[in-house]
Amino acid sequence: MRRVAITGLGLVTPIGAGRATFWKNVTAGTNGIAPVQSFDTSEFPVHLGAEVRGFDPAPFIQSRPAESMGRGSQLAIAAARLAVQDSGVDLAAYNRRRVGVLMGTTSGEPGMVERYNDIRKAEGLDAVPGEMMPKYPCHVIPANVAIEFDLRGPCLMIPTACAAGNYAIGYAFDLIRSGRADLMLAGGADPFSRITYMGFARLGAIAPEKCQPFDRNRKGMVPGEGAAILVLEPLDDAQARGATIYAEVLGYGVSCDSHHMTAAHPQGDGAIRAMAMALDQSGRTIEDVGYVSAHGTGTPTNDRVEALALRTLFGDRAPRVPMSSIKSMIGHTMGAASAIEAVACSMALHTGVIPPTINFQEPDPDSDLDYVPNTAREAHPQVVLNNAYAFGGNNSSLCLARPV
Amino acid sequence: MSGTPKIFATGAGVISPIGAGVDEFAERLYAGCRGAGPSPLLGGDAVACEIRDFTPQQWLGNKGIRVLDRSARLLAVASQMTLSATGLVQPETGEGDPGLGLVCGTMFGSVHSITSFDWSGLTDGPRYVNPMEFPNTVINSPAGQAAIKFKLRGVNSTISAGLISGLYAVHYASEFLIFGRATALLAGGVEELCEESYLGLRKTEALSPRGEGEPFGKERDGVVAGEAAALLMLEAESRVRERGVRPIAQIAGFGTAQDAYKINGYRVRGTGAREAMEQALEAAGIGADAVGCVISGASGSRAGDEMEALSLEALFGARLEGIPVAAPKAAWGECLGASGALSVLAGVLSLERQAVPPTAGFRETPFPLRLSAAPQPFESDYALVTACSCDGGSAALVLKRVR
């Protein structure tokens, strides 16, 4: 089995695009949440969203007009281009059959469903164009990335909702370590969607004023959008070409609560099993873990269960393991979330700095752990866990390490 | 991969336009039945391979059915059948095996559920949408619902790669077993018929105007939309031995490649499909000369079928005319994300019976392919299953007979 390095980080987020801007802002505690602009929220009880404002896809997309695809694909291609640039790889030097793309998403291209209904309402069903076929199915996102960069190897979407980014990075890791690919672009993408917004609003899950994960007075999550792509390659190749190695992928774990479509298992059963599997697959123990990137949506239940899961698995060590949620700044970017968080984890390993949980004012006596409140911290973790949970009871944990 | 554990299919479940349950499915497939006909679900003059009079209660009882959309119901039925067939139904009491999971291929998920939820918000207002319907708007909802219903606590993944999704899911699940992240996995695919995906197929002129899919046929003019759910139970060799069960086939090798050409069009002279087939043979440790039959993903698409035929010619050369080929989408239509899983099941049946199923309604082909409207016998331990997608993705899987 080959060791697998992360050598390129590209992303588009509510607090900026590109590795350097994102990292500067996420460690400065920048808030990316504001009233929604992309649709009218006057009929909603809540108004906050984490949008990527002023995103212009045109400079990133060279193969075709940007309008020929949905926003999910546009965000993904932009992230991919930034990642490829960041990695310094020369794609022309590769056998294209051994270069692929793996993505995760919650909704894929929901804008196509929204347009379908808008046209149907305004002009009737006969006026709806046929784009449901070529532009909607979620696999068009990686397929569009493949066309843009002429990638001819494995091309796959793993739509496991809000845990999907981890699934995609994990499977890309499998493909490289087992020798079936030499370079993989892996990550997640989700555009801002009124469908998602409407659903979470109806569940009463959206925070009215701010996103404050793990705070005693937390009132909910904030839907967001974005994309992140990580460049994965064999560690040996990365070293040979003198690449910057941000992190090494050690392994991952996944599980299903098989309990409820939207609510976490009350004791965090699946979350615990996913973390344990990730550590076991990585040949590491809880003692090695120096940082946990929390799913940390900001809903009362999610955060309580997540803290309980950490406490159960890590025991007495739990309060000494920093665990932060960057969703406090960028909202919940759905299928992109764990990919963006994997970028943050890679940078935490690379720079030694852990991003904070902002808006943290009052500890929750039920879940009092170290959430890196409000200010980034120099902590030099050697091994980190990136946790992501999803509708359908899906749980995922990705284990990354500082390369040695 | 050599030195890695062998992965076996130990049972299957299927609900399709030509029949429900492996026995009925097999009987009708080999009898040359076709699922196409007027579609009550789509209404109007639509012709489709619909699962007519679908009554999930027959398999699932009444409990908990209401919240499941059509995709989730189809997948639940196939799950129930497969778990029963393999003796892996989890007990009512107790937590269930944490190593038992599900990998589901799909192309659209339930785009009907997603569209309906949005439509409700658009017409009634966002405060009046039904919160119970929101979970159905995630693409992995059918897999999540099945996990809750059947206590599937292991990996619960959904795989989307267009028309190769079902084939890819079988491979992805095999990998999870090889890497030791699961002990037994349901793997396959689901796709429902609905007006939204049907409209997409119709308006992009993918559908046969005659309502007759004629895979590889001389007169082919498009596909017939279909729906289905099909699953295999996959387990590693050690566990198969431990449980003392008899496998139905071995998953011997897989390959995949992208032509990275268009998002909705085949590169007819592309090399991706051939590359995927070669990779699958190499992974299985065999040469093209060991392949006894081909279960093709050809659907009636003019460009797609030609691309696949050219790829088979390139791979097998002059030997191609001696290899029985079946294109069973003639029977169940284009089931999109479920197609690959149905094809794998047809491959398993072919090896068991040492005969490929008919390509129902086959008349004439412009390609040097041995197709027939009747079953075609062969003698071999290996079947090659292929799938090509209109977004440039191709996949192939080698199945090995278990004696």
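Letters A, B, ... are given to chains in the order of the sequence lines, protein chains preceding strands, and every chain is numbered from 1. It should be emphasised that the depicted structure is a prediction, and the values quoted were computed from it without experimental measurement.
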- Query: Could you walk me through whether B:Lys203 and A:Met133 pass the side-chain contact (heavy atoms from CB on, under 4.5 Å) check?
  - Reply: CA-CA 9 Å; B:Lys203 292 216 169 179; A:Met133 185 68 192; over 6 Å; no
- Contacting moiety of A:Gln281, where chain B heavy atoms sit under 4.5 Å: side chain
- Contact leader toward chain B among A:Met277, A:Glu148, A:Arg194, where contacts are heavy-atom pairs under 4.5 Å: A:Arg194
- Query: Given that the side chain runs from C-beta out, which part of A:Leu156 has a heavy atom under 4.5 Å from chain B: side chain, backbone, both or neither?
  - Reply: both
- In terms of heavy-atom pairs under 4.5 Å with chain B, the winner among A:Met157, A:Glu131, A:Met334 is A:Met157
- Query: For the candidates A:Gly392, A:Pro134, A:Gly108, A:Ser107, which exhibits the highest count of non-hydrogen atom pairs separated by less than 4.5 Å from chain B?
  - Reply: A:Pro134
- How many angstroms lie between atom CD1 of B:Ile148 and atom NE2 of A:His259, to the nearest 0.5 angstrom? 8.5 Å
- Atom of B:Asp259, atom of A:Arg97 and distance for their closest heavy-atom approach: OD1-NH2, 3.9 Å
- Query: How close do B:Pro126 and A:Met198 get, heavy atom to heavy atom, and via which atoms?
  - Reply: CB-CG, 3.8 Å
- Of all heavy-atom pairs between A:Gly130 and B:Thr204, which one has the smallest distance, and what is that distance? O-CG2, 3.5 Å
- Per-residue contact mode, B:Lys149 against chain A (heavy atom under 4.5 angstrom): neither
- Note on the structure: Output for pair (B:Leu102 CG, A:Cys256 SG), nearest 0.5 Å, gives 8.5 Å
- Query: Given side chains that start at C-beta, do those of A:Ile158 and B:Ser157 come closer than 4.5 Å, heavy atoms only?
  - Reply: yes
- Message: I'd like to know whether B:Glu175 forms a salt bridge (Lys or Arg N to Asp or Glu O under 4.0 Å) with A:Arg180, so could you lay out the CA-CA distance, the side-chain angles of the two residues, the decisive distance to 0.1 Å, and finally the verdict.
- Response: CA-CA 12 Å; B:Glu175 299 260 279; A:Arg180 271 169 299 113; 2.6 Å; yes
- Query: Quick one: of B:Leu152, B:Leu201, B:Val67, who has the most non-hydrogen atom pairs under 4.5 Å with chain A?
  - Reply: B:Leu152
- When only pairs under 4.5 Å are counted, which of B:Gly162, B:Pro142, B:Gly121 shares the most heavy-atom pairs with chain A? B:Gly162
- In terms of heavy-atom contacts, does CG of A:Asn95 have more than 12 from other residues, nucleotides or ligands at under 6.0 Å? yes
- Message: Looking only at heavy atoms and a cut-off of under 4.5 Å, which of A:Thr105, A:Thr41, A:Asp269, A:Thr262 has the most pairs with chain B?
- Response: A:Asp269
- Message: Just checking A:Arg64: does its CZ atom have more than 12 heavy atoms from other residues, nucleotides or ligands closer to it than 6.0 angstrom?
- Response: yes
- Task: Take B:Asn156 and A:Thr160 through the side-chain contact (heavy atoms from CB on, under 4.5 Å) test and state the conclusion after the steps.
- Result: CA-CA 8 Å; B:Asn156 189 267; A:Thr160 42; over 6 Å; no
- Message: Within this structure, what is the OH-OG1 distance for the pair A:Tyr116 and B:Thr115, rounded to the nearest 0.5 Å?
- Response: 6.0 Å
- Task: Under 4.5 Å, counting heavy-atom pairs only, tell me which of B:Asn264, B:Leu336, B:Thr158 racks up the most with chain A.
- Result: B:Thr158
- Of the listed residues (B:Tyr168, B:Phe150, B:Phe176, B:Tyr261), which shares the most heavy-atom pairs with chain A below a 4.5 Å separation? B:Tyr168
- Note on the structure: To the nearest 0.5 Å, atom CG of B:Leu122 lies from atom CG of A:Asn117 at 6.0 Å
- Item | Distance-minimising heavy-atom pair for A:Pro129 and B:Leu199 | O-CD2, 3.6 Å
- Item | Contacting moiety of B:His112, where chain A heavy atoms sit under 4.5 Å | neither
- Note on the structure: Whatever's closer than 4.5 Å to a heavy atom in chain B on A:Asp190 counts as neither
- Note on the structure: For B:Gly144 and A:Met261 the tightest heavy-atom approach is C-SD, 3.7 Å
- Closest heavy-atom contact between B:Ala260 and A:Ile147? C-CG1, 3.7 Å
- Message: Can you tell me how far apart CD1 (A:Ile195) and OG (B:Ser113) are? Round to the nearest 0.5 Å.
- Response: 11.5 Å
- Closest-packed option against chain A by number of heavy-atom pairs under 4.5 Å, given B:Gly125, B:Ala182, B:Ala206, B:Gly272: B:Gly272
- Take B:Ile139 and A:Thr106 through the side-chain contact (heavy atoms from CB on, under 4.5 Å) test and state the conclusion after the steps. CA-CA 7 Å; B:Ile139 300 160; A:Thr106 294; over 6 Å; no
- What distance separates A:Ser178 OG from B:Ile178 CD1, expressed to the nearest 0.5 Å? 9.0 Å
- Message: Under 4.0 Å between a side-chain nitrogen and a carboxylate oxygen: does that hold for B:Arg153 and A:Asp257?
- Response: no
- Task: Quick one: which of A:Tyr167, A:Tyr171, A:Phe44, A:Tyr136 has the most heavy-atom pairs under 4.5 Å with chain B, could you say?
- Result: A:Tyr171
- Item | Side chains of B:Thr271 and A:Arg152, donor plus acceptor under 3.5 Å | no
- Message: Does any backbone or side-chain atom of A:Ala201 lie under 4.5 Å from a heavy atom of chain B? Answer side chain, backbone, both or neither.
- Response: neither
- Query: Quick one: what part of A:Asn394 sits under 4.5 Å from any heavy atom of chain B, side chain, backbone, both or neither?
  - Reply: side chain
- For each of A:Ser63, A:Cys138, A:Gly100, tally heavy-atom pairs with chain B at distances under 4.5 Å, and name the one with the top tally. A:Cys138
- Going by residue number, which parts of residues 127-137 of chain B are within reach of chain A, meaning a heavy-atom gap below 4.5 Å? B:Arg127, B:Tyr128, B:Val129, B:Pro131, B:Phe134, B:Pro135, B:Thr137
- chain A interface, residue from B:Glu195, B:Glu275, B:Gln279, B:Lys151 that has the most non-hydrogen pairs under 4.5 Å: B:Glu275
- Message: Go through it in stages, so that I can follow the logic: the residues are A:Met69 and B:Ile263, the test is side-chain contact (heavy atoms from CB on, under 4.5 Å), and I'd like the CA-CA distance, side-chain angles, deciding distance and then a yes or no.
- Response: CA-CA 9 Å; A:Met69 61 190 79; B:Ile263 210 69; over 6 Å; no
- Query: Who pairs with A:Asp174 by salt bridge (charged side-chain N to carboxylate O under 4.0 Å, His left out), at least two apart in sequence or on another chain?
  - Reply: A:Arg177, B:Arg181
- Item | A:Val145, part contacting chain B, at a heavy-atom distance under 4.5 Å | neither
